[in-house]
Amino acid sequence: MQFLKHSFPLLRTPALLIPVLFIMISCQPQTQRLATSTLNINQRVDSVLALMNLEEKIGQLTLYTTDWESTGPTIRAGYVDDIRSGRCGALFNSHTVDFTTQLQKVAVEETRLKIPLLFGYDVIHGYKTIFPIPLGESSSWDLTIMEKTAAIAAAEAAASGLHWTFAPMVDIARDPRWGRVMEGAGEDTWLGSRIAEARVKGFQGKGIGNTDAVLSCIKHYAAYGAPVAGRDYNTVDMSERAFREYYLPPYAAGIAAGAATVMTSFNDLDGVPATGSKWLMTDILRGELNFQGFVVTDYTAINEMTNHRVVADDKAAGELALQAGVDMDMQGAVFQRFLAQSLKEGKVSLQMIDQAVKRILRMKFELGLFDDPYKFSNAAREKATVFSAANRAVAREAVRGSIVLLKNKGNVLPLSKTQGKIALIGPLADSKADMLGAWSGSGDAKDCITLFEGMKNVIGASRVSYSQGCKVNGEDRSGFDAAIKLASGSDVVVLAIGEEAVMSGEAAARADISIPGVQEELLQKLLATGKPVVVVLMNGRPLAIPGVDSTANAIIEAWYGGTEAGNGIADVLFGDYNPSGKLTMSFPYSTGQIPVYYNEKSTGRPFNPESKWTSKYIDNPNAPLYPFGYGLSYTQFSISDPRVSKTSFSNRDTISVTVKLTNTGKRAGAEVVQLYIQDKVSEVTRPVKELKGFEKVMLEPGESKDIVLKLDKNHFSFFKRDMSYGTEPGEFLIMVGPNSRDLKTTTVKLID
Ligand code: GLC
């Protein structure tokens, strides 16, 4: 545009520039000419908007899946025609350089305005190199590795023609019956917020437009993780206080970290479907959180507001969604079918439509797609980046860190690398298909290392033999005898049991979270041989396993580790890695105990074993089998009493809490020192404890280190009775320890 400025000096006035540009551009065949403009991004967006007719505008608000994969109830035929006619501005479930190039060519060569497409995909825990499921990764409490794996996932996705991932899922969840707990970061708000930040930073890297970064998508906004009874898509009903204290912060943290997009959730919240909630999509998201990106719905979530029965038909649903602040309709074809009519009837305004179009165009400009629509479709980069050995090495590191040692009676672990015969038994010991877990993107099961393969990679084939024993589901015990025979002839048994990967994820709630089938029966048969049994759990949610806990010699929680699952688990079993994971969701004793979470309230009759009249079960402990933050090590650690820099402080102060951590064992290892607070007296009821800080530290045997954690007024603030947010004077317990149960305490006083 330089020539414009020299030839028409008045054009230094941007306001004049646009109409002239409009004339210039409209004579030109390509909106890509804007790419050479020195206009700022808003002016460039306005220039394109000025060229668009209504159908083209509505097309930009329309997202369709291809028929490459199905992640929801409908698939539309003819999405290529939709692109060609300008009725679709974005696609998902379309990846690889080859496929995205084909589709992009249709948009930039066969449409009137040549506006480039946006390509999205569920890159949740890896694109081709698959990392542990997010609930597993969160158990590492290692924000660095979680950012790193998101960055690798982004680089692989961006090298495969993708611009946008529908991740991170940051829904807080306290109910393991819900299948999508596997996709998040567990039950805690503070940790979940830190992990949301790490994952957004990983996905968006050095910034949108870099060819190793993708748009992130904070989902599912909001409170999708709290469906009644843990049943997916079910009603969510909670107080505004509970929502703002426990469920909103991770969405807010992801947005504050720069998340480019937000996805609405299927559920209603306090009687209003999220997708039609102006309170959520505009008042909070735009008003309070100052979100600048665009909002996409979940899969046909607009249409489904007719099922919620808050609207009579799809057309009214589209009007409600646009009025609420939704920008893009995923797969519902509601905007595409009805928005023009709604505009004609005055049910929506052109300003609303234009605002949504501009948010989406802006993102396409920021990605650089107007400059080069094929920027992310580079075959050489795809070949060099996707599924590289370096990426798989990080995957193995992530598996190691995600593993939680739940029991190790008599130090049966780690196993010897040189001595003894090992019987590897169980339906998940050699199952490639289950290692990926749900939401495994473009991952390929054939690429996965099973536990059997991982163990052979360490000790060779001669010392480990495999027998399936039984399947995950069903009553077939015909494999028991062979398994028992193998165990009897071995020195130690490793039993890999749990859930099939398809038993968690979307639309996969379980009404009973015990280990399915006859797997526990097999465990007891194997224990009856007198051989020590190491249970390796592979599952997508906390399981109720009191029978395993009370009988097995050792238990490790391995989740679904992804591509490098078997290698990472073997590294822990044979001691090449000392397990350091800590649970981010409580494990109940039984399904009936759900929901059980560490940051519960006191109640007016807190449990007291000495009294009948207290809050308890008569058939189940109140406490979970394994608490939030729990995990053992092959070494031992001591944590000193906490020391505080000030025992009395103002909310303008920052105080330090210091403990001395010592590795008192014989092996190097990492401990996660966790800091919790309790507001002793407050004007509303508050949790018995809340996580407000942690540090993961690696120490050599005998080594000590002072761990210093900082607290300021934000750590002590809460929503008061009038819903104002802030501190109130009073005493607080400061509690520090290796999990949410075994804590050392001191008291401090906040004076204002
Ligand atoms: C699904 C999921 C959502 C996903 C979307 C696209 O229904 O709820 O998390 O991103 O559809 O696959």
Side-chain angles (χ1 to χ4, degrees), residues 62-76 79 88 90-95 118-127 133-135 150 153-154 157 162-173 178-185 196 199-200 203 214-227 230-234 236 250-251 254 259-269 273-275 293-305 307-308 326-334 437-443 502 504-509 540:
T62 299
L63 166 67
Y64 289 138
T65 179
T66 69
D67 51 8
W68 259 30
E69 287 173 47
S70 165
T71 54
T74 65
I75 291 277
R76 275 171 59 87
Y79 56 85
C88 163
L91 285 161
F92 65 114
N93 294 327
S94 43
H95 47 94
L118 199 58
F119 293 114
Y121 192 43
D122 291 286
V123 182
I124 308 297
H125 53 109
Y127 170 72
I133 55 171
L135 183 63
L162 289 163
H163 311 126
W164 181 24
T165 178
F166 302 138
M169 182 275 222
V170 302
D171 305 319
I172 292 297
W178 191 49
R180 298 192 80 164
V181 297
M182 54 69 57
E183 202 176 342
R199 287 180 167 149
V200 166
F203 286 128
V214 292
L215 305 179
S216 65
C217 182
I218 290 295
K219 74 183 187 181
H220 305 78
Y221 183 64
Y224 177 42
R231 201 178 76 219
D232 207 355
Y233 317 125
N234 205 358
V236 173
Y251 304 112
T261 70
V262 166
M263 183 184 292
T264 72
S265 57
F266 291 119
N267 56 283
D268 62 335
L269 175 60
T275 304
F294 72 78
V295 174
V296 62
T297 71
D298 203 338
Y299 206 113
T300 62
I302 295 178
N303 319 55
E304 292 166 17
M305 290 201 279
N307 297 334
H308 281 288
V326 163
D327 299 306
M328 187 184 280
D329 169 8
M330 178 190 285
Q331 191 59 14
V334 173
W439 292 114
S440 56
S442 179
V502 295
S504 56
E506 185 173 355

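We count ligands from 1, going down the list as the structure has it; atoms in each ligand are counted the same way.
- Distance check: L215 CG to T165 OG1 gives 9.5 Å after rounding to the nearest 0.5 Å.
- Side-chain contact check for W164 versus L63: some heavy-atom pair is nearer than 4.5 Å.
- Here D122 contributes atom CG and S442 contributes atom OG; the two are 12.0 Å apart, rounded to the nearest 0.5 Å.
- Within 4.0 Å of ligand 1, protein heavy atoms come from T71, F92, D122, F166, R180, K219, H220, M263, F266, D298, Y299, M330, W439, E506.
- Between Y221 and Y251, the distance from one ring center to the other falls under 6.0 angstrom.
- Separating the CG atom in D171 from the OH atom in Y224 is a distance of 8.0 Å, to the nearest 0.5 Å.
- In this structure A301 satisfies the side chain to side chain contact (heavy atoms under 4.5 Å, CB included) test together with T264, F266, T275, T297, D298, sequence neighbours excluded.
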